[in-house]
Every structure is written in C-alpha cells, then in structure tokens.
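Each chain gets a letter, A, B and so on, in the order the sequences are listed, and its residues count up from 1.
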Amino acid sequence: MNKKIIIRTLEKIALYMELKGENPFKVSAFRKAAQALELDQRSLDEIEDVTKLKGIGKGTGDVILELINDNKSTVLEELQEEVPKGLIPMMKLQGLGGKKIAKLYKELGIDSMETLKVACLNEEIQKLPGFGPKSEEKILKEINDFETKPDRQPIWKTEETVAFIQDVLTSIAEVTECSVAGSFRRTKETSKDIDFIIATAEPALVKEQLLAALPVKETIASGDTKVSVTVEVLEPIDVDFRLVAPEEFVTALHHFTGSKDHNVKMRQLAKSQNKKISEYGVEQEDGTVTTFASETEFFAHFGLPFIPPSVREDGRELDRLDELPELVTIEDIKGDLHMHTTWSDGANSLTEMIEACVAKSYQFMVITDHSQYLKVANGLTPERLTEQHALIRETNKKYPEIEVFSGTEMDILPDASLDFDDDMLSQLDFVIASIHSSFQQPQEQIMERILTAMKNPNVHMIAHPTGRIVGQRDGYNPDVEQILDWAKEYGKIVELNASPYRLDLAVPYLVLAQEKGVPVAINTDAHAIEGLEVMETGVKHAQKAWLKKDTVVNTWSLEKFKEFINKSK
DNA sequence: GCCGTTTTCGGCCCGACTGTTTTCAGTCG
C-alpha cells in the first residue's frame, strides 16, 4: 500500500464526514492524521507503529492498518454509501461548505454540480430556509467561474499585480505602512490570491481611494477592515486587503502571512505561555494587549528567533530553529554564475553587467552567453567566444574589486553531443551545460544528453535542470534523482535558476540535492541589469528547501570557488 | 477523533464578512 493513497484516503474520509455534518473536530482529526503521515519523512515500512505519531490515535490508526492489510477502508465505504459522490466537487465552490451542501442534498436532492446548476436556474435554491436570492446568484456565478478560472497563478504573473498594488498604496497619503502578505510573501511558486496588510488611522478614506485607483472587476466582500476584490492588472486575481491600526500592523502582517499551519503552531505556543495571538496583538494573561514594532520583536516575545516568511510553511519550522542561523540569506551571496550580455541575447553590455555586479558588492561573477546552436539567441561561435574571452580578461583588469570569469552557457544538443569541443571548453573558466531543445524526447534520451555533460571534465554546472516554466510547462521530465547522483559522482554543481519563470530546481529536489551533498548555485540567468534582482527570489526559494550557506556555491569565498572550478584542470 | 508532568474530560486558533436572520450560522483564511 502506497503512503500517498493512505494520506488521500484519510483526507477523503474527512471530506465525506464534513458533508455528513460530523463534529468538525472529528473531521479535522482525520486531516491531522493525514498531515502527520505526510510530514513524516519515513516510508510506510519504516514506520513501526503509526499510532505513535502525534495526531494518529486508535480510530485513524485502525483505518491506516486496514488500508495496509486489506487494501480498503470500511469507514470510507460506509461513508460513500451514505453520501453521494457528486457532492465532493461541490466543496470546491467558494461559499459552499459541508453544511450547506448537505442541506441542498437533503432538501432538494441535489447530488452533483449539474443538478445544482439546474436548481439555481429554476430558482429553487432561494426558497430554502437559510438561503436567499443572493445565495442562489452567487452559487450560479461560482459554478460558471469554476469552469473558467485557473486555480492558482504562478509567481511571475502575480508579481506584476503585487507591484502595481504596492505603487497604488504608497501613493495614498493616509497609508502609514503596507506590505504584501500571504503565500506571495512566503515566496510560494503559485498563489490562489494576493493579501495586503495596510496600516492606517483612516481606514474608510484609504478604502475609498484604493477602490477608486484599482482596476476592480468585482467586489467580493467590503467590510470596515476587510476588502476582497477581483482585480485585473494582468489577469484577474482575487486580492484581500486588511486595514488595521498602525500599532497592529506587525501582528496583522504575521497573521496574514501565514501559513495556516504556522499560525496554528504559533497560537498553540502562545497558549502554552498563557497568551493569545490574534491579528490585533498578543493578549497577555491579565487581558492587556501587546503590539510590536517588528516581526523580530514579535517572535522574540515568545522566545523565538526571527523566522523568515519563506520557511513558515508546515509548522515544523518551529522544530528547526537551530538550523535558522545556517540558512542561506541574500547577504551571503557573493557572486552570480549565470548571466548574458549583448554578445548573445542580453540587453546590456559586458561592462554594464560588470558594473551592475560591482554595485551589488559581488566578489565574483561569470559571463555565460549562449553557444552557437541557439541561433535565435545569437549564440556565440568558437571564434566569437574566443574573442569575448580575451575581452573579458582585458576588462577584468579594470575592475580590481571583482573577479570576472569567462564562461559559456553551452547547449547540450539533441543528439547528446556538446556544442563546443573540449579544446574550446578547456580555455574557459566556467562551463554551464543546459538543454534548450527537443524537450519531447523520451526520458532515456534526455538522460543520455545530461550524462554526456556530466562526464565531460570541462563542464562545471547543469543549468535549470528540468527546463520547467512555473505553472506553464513541465520541462523535459528528467529523472532528477539520477541527475543528483551523477552530480555527486562527477563533482558538478546543479543550478537553482532564480528567475520566477523557472525556479528550477523546485523545492523538493533542492532538499534532495542538499541531502546528497550536491552543491547548488543560485543564479539569476540575467538577460539585463534588472534581471540580477531576481537573486532575492532565488534565495527565498532556496530557504524554502532549508538550503544552508555551505550548500550554496555563490556564498563561498572567491578562493573556495576558484579551487572548485580549477579542480578539473 | 486526539490529546494530556496541573487534566482521562473537555478542550481543540481566532476573528471577519455575508446573507440570512431579528441575533446568528456558515464559510473562509
């Protein structure tokens, strides 16, 4: 029996119970049991007694045991007999929960999204006690949206909307302080909606100006302290605004940054200290409410170090506090190993890129323009690369504050050969190998291409190892675990491409890379000076995988980096 | 259903908004 199937079965049971109107705490007990299994790194076979896990007791333990032994769950089967299957997808409709759906089923016999739609159109819903014309209208709209609206948007789409809103907010005089919160602040790859916290003494005034300045497509909710709207800057997305008093800003920001699991853990901790956390502050035993000037102070109040938003995910971060000082930060970054210039498809010249890196106080950088195969990107021929190499050496002398290495981002060709011969490669300081073509090849062929690069002693790093675009394409589907094993064997670096489009490798693979002892480089792949800024996103993404400074190549000293790249020579 | 060095019973994170109600249940994050 697969662990994932057990987790999903427990979640399914919770869902069915919700529709049955079971005690909410019982429902959440099943969700917690599923989570306990999921958070445990071990495989099913390695877990001796599941009931030893916190959150799994007799009831949920029996369900798991039955699944392992008999490959079925009597509890689930019984629930499925009582509750029609068609009710499950209805839980995804905003505004409809277990109780309302159960009522619709009981009173009107609605057992699927289709029958629900018909009932709305026939105006049957509004006749039910507890429902009205507005409920009916809202349900109908939700059904239509459900078919068209994407579930989550990738970070590279939301960041434009976030920046737009940030600009609007800073232009409003009555806004004392504001910040994006939610999953975007935690640097999740995708977001369902965008959250903003606004500190102001004049909430009504701010609300009015805000709504006037935004391209609002629809207002979902509009209270005194909470405003929810669908905004269309690039693509429509829901945005929640919370308006709080200036002194409440920090606790509100923490609360709405989440994650939900992180908040639950924090509140439990507060409770154990006889305190109570809410978005408005921390209530002390004597009933007074404490507020804070910064999140650092907030955490310190509970005897905790500052926990970066990027790691506030499943609640386990509170058990890994001793690892926080080792976590890679933007201040640790000493260089960038992947960027382009006007020699290939970059927008800025060699000197412009160097000066931009100097401005960032980097100690080293590598120029890595495309190779000849990528004609659309004006890839360099061996002749042009030789010429550029000489120019980089010459220009480097003018900038004693930074070491500029000469490199290439060389294509691994569809036939598993490399775009430059060893003679050319051996003259360069740093060689990136990457795949930009024939993504559709079967996995064996893709892996053969990668192995060629791995085996070549002149290659230092594999860039964007899966070729994915967040929320858009999966890439070329390599066996990442195998890539990491090869990287370890052949002494190569794997890249964390910091571009919000890529964020490649993804978090679970980065975790694996660190476990296996494979060095990771966080690179911007900048095609212009502004592109260097995505380093920050890359570092936060790395933090989500708990990458330590030591794992990350571009936190190394110049000497250590030099030693690494010269090893093969 | 799960948990517990004050507890084996009585809690389980906490609060806002909506649409329905005439004071609140349901849903959401």
Q: Using atom NZ of A:K26 as one end and atom P of B:dG11 as the other, report the distance to the nearest whole Å.
A: 20 Å
Q: Determine the interatomic distance between P on B:dT6 and the same-named atom on B:dC2; round to the nearest Å.
A: 24 Å
**Q.** N/O (side chain, A:S28) to phosphate O (OP1/OP2, B:dC12) under 4.0 Å
**A.** no
Q: Going by the side-chain hydrogen bond (donor to acceptor under 3.5 Å, both in side chains) test, name the single residue among A:E313, A:R316, A:H254, A:R267 that passes it with A:H262.
A: A:H254
Q. If you find the nucleotide of DNA chain B closest to A:F30 and the one closest to A:D195, which residue's nucleotide is nearer the 5' end?
A. A:F30
(Q) Let's test this: given Watson-Crick or G-U wobble pairing with both distances under 3.5 Å, identify the partner of B:dG4. (A) B:dC9
(Q) Measuring from the side chain of A:E279 (C-beta onward, heavy atoms only), which nucleotide among B:dC13, B:dA16, B:dT27 has the closest atom? (A) B:dA16
Q: Taking only the side-chain heavy atoms of A:K54 (C-beta and beyond), determine which of B:dG4, B:dG29, B:dC2 contains the nearest atom.
A: B:dG4
Q) Any ion pair linking A:E295 and A:R185 (charged N to carboxylate O, less than 4.0 Å)? A) yes
Q.
Mind checking if A:K138 touches a base, just sugar-phosphate, or nothing, with heavy atoms under 4.0 Å?
A. nothing
**Q.** Sugar-phosphate only, base, or nothing, as touched by A:D224 at under 4.0 Å among non-hydrogen atoms
**A.** sugar-phosphate
(Q) Using a heavy-atom cut-off of 4.0 Å across all strands, would you classify A:L53 as base, sugar-phosphate, or nothing? (A) sugar-phosphate
Q) For A:K100 and B:dT21, what is the distance between atoms NZ and P respectively, to the nearest whole Å? A) 11 Å
Q: Determine whether the side chains of A:E283 and A:S278 contain a donor N or O and an acceptor N or O closer than 3.5 Å.
A: no
Q) What integer number of Å spans the P atoms of B:dC3 and B:dC13? A) 14 Å
Q. Between B:dG26 and B:dT21, how far is it from one P atom to the other, in whole Å?
A. 13 Å
Q | Sugar-phosphate only, base, or nothing, as touched by A:K32 at under 4.0 Å among non-hydrogen atoms | A | nothing
(Q) How close do A:P154 and A:V470 get, counting heavy atoms only, and between which atoms? (A) CB-O, 3.5 Å
Q.
Suppose we screen for salt bridge (Lys or Arg N to Asp or Glu O under 4.0 Å). Which residues come up paired with A:D224, at least two apart in sequence or across chains?
A. none
Q) Looking for any heavy atom pair under 4.0 Å, which part of the strands does A:K103 touch: base, sugar-phosphate only, or nothing? A) nothing
Q. How would you label the contact of A:L243 with the nucleic acid (heavy atoms, under 4.0 Å): base, sugar-phosphate, or nothing?
A. nothing
Q | Rounded distance in Å between the C1' positions of B:dC9 and B:dC14 | A | 23 Å
Q. Starting at CZ of A:F196 and ending at P of B:dA16, how long is that distance when rounded to a whole Å?
A. 22 Å
Q: In whole angstrom, give me the gap between the C1' atoms of B:dG15 and B:dT5.
A: 33 Å
(Q) Salt bridge or not between A:E495 and A:R502? Use side-chain N to carboxylate O under 4.0 Å. (A) no
Q. How far does the C1' atom of B:dT20 sit from the matching atom of B:dT27, given to the nearest Å?
A. 13 Å
Q | Nearest-Å distance for atom pair NZ/C1', residues A:K58 and B:dG1 | A | 12 Å
Q. Expressed as a whole number of Å, how far does the C1' atom of B:dC12 sit from that of B:dT7?
A. 14 Å
**Q.** Which nucleotide in B:dC3, B:dG29, B:dG1 has an atom nearest any side-chain atom of A:Q94
**A.** B:dG29
Q) Separation of A:K226 atom NZ from B:dC14 atom P, in whole Å? A) 18 Å
Q.
From the set B:dG1, B:dG15, B:dC13, return the single nucleotide nearest to any side-chain atom of A:A29.
A. B:dG1
Q: Would you indicate what A:S222 reaches in the nucleic acid, counting non-hydrogen atoms under 4.0 angstrom: base, sugar-phosphate, or nothing?
A: sugar-phosphate
**Q.** Span that lies between the P atom of B:dG11 and that of B:dC17, in whole angstrom
**A.** 28 Å
Q.
What is the distance, to the nearest angstrom, from the CD1 atom on A:I101 to the P atom on B:dG26?
A. 13 Å
(Q) I need the single residue from A:K544, A:R468, A:R152, A:K540 that forms a salt bridge (charged side-chain N to carboxylate O under 4.0 Å, His left out) with A:E189. Which is it? (A) A:R468
Q.
Categorize A:E22 for me: base, sugar-phosphate, or nothing, with a 4.0 angstrom heavy-atom threshold over every strand shown.
A. nothing
Q. Counting just side-chain N and O atoms, does A:Y280 come under 4.0 Å of either OP1 or OP2 of B:dC14?
A. no
**Q.** 5′-ward residue of the pair A:I277/A:G95 relative to DNA chain B
**A.** A:I277
Q) Using 4.0 Å as the upper bound for N to carboxylate O, is an ion pair formed by A:K265 and A:D261? A) no
(Q) Under 4.0 Å, heavy atoms only, any strand: does A:G258 hit a base, just the sugar-phosphate, or nothing? (A) nothing
Q: Starting from C1' on B:dG26, measure out to NZ on A:K134 and report it in whole angstrom.
A: 17 Å
Q. CG of A:L65 versus C1' of B:dG1: gap in Å, rounded?
A. 16 Å
Q: Would you mind classifying the nucleic acid contact of A:K260 as base, sugar-phosphate or nothing, using non-hydrogen atoms under 4.0 angstrom?
A: base
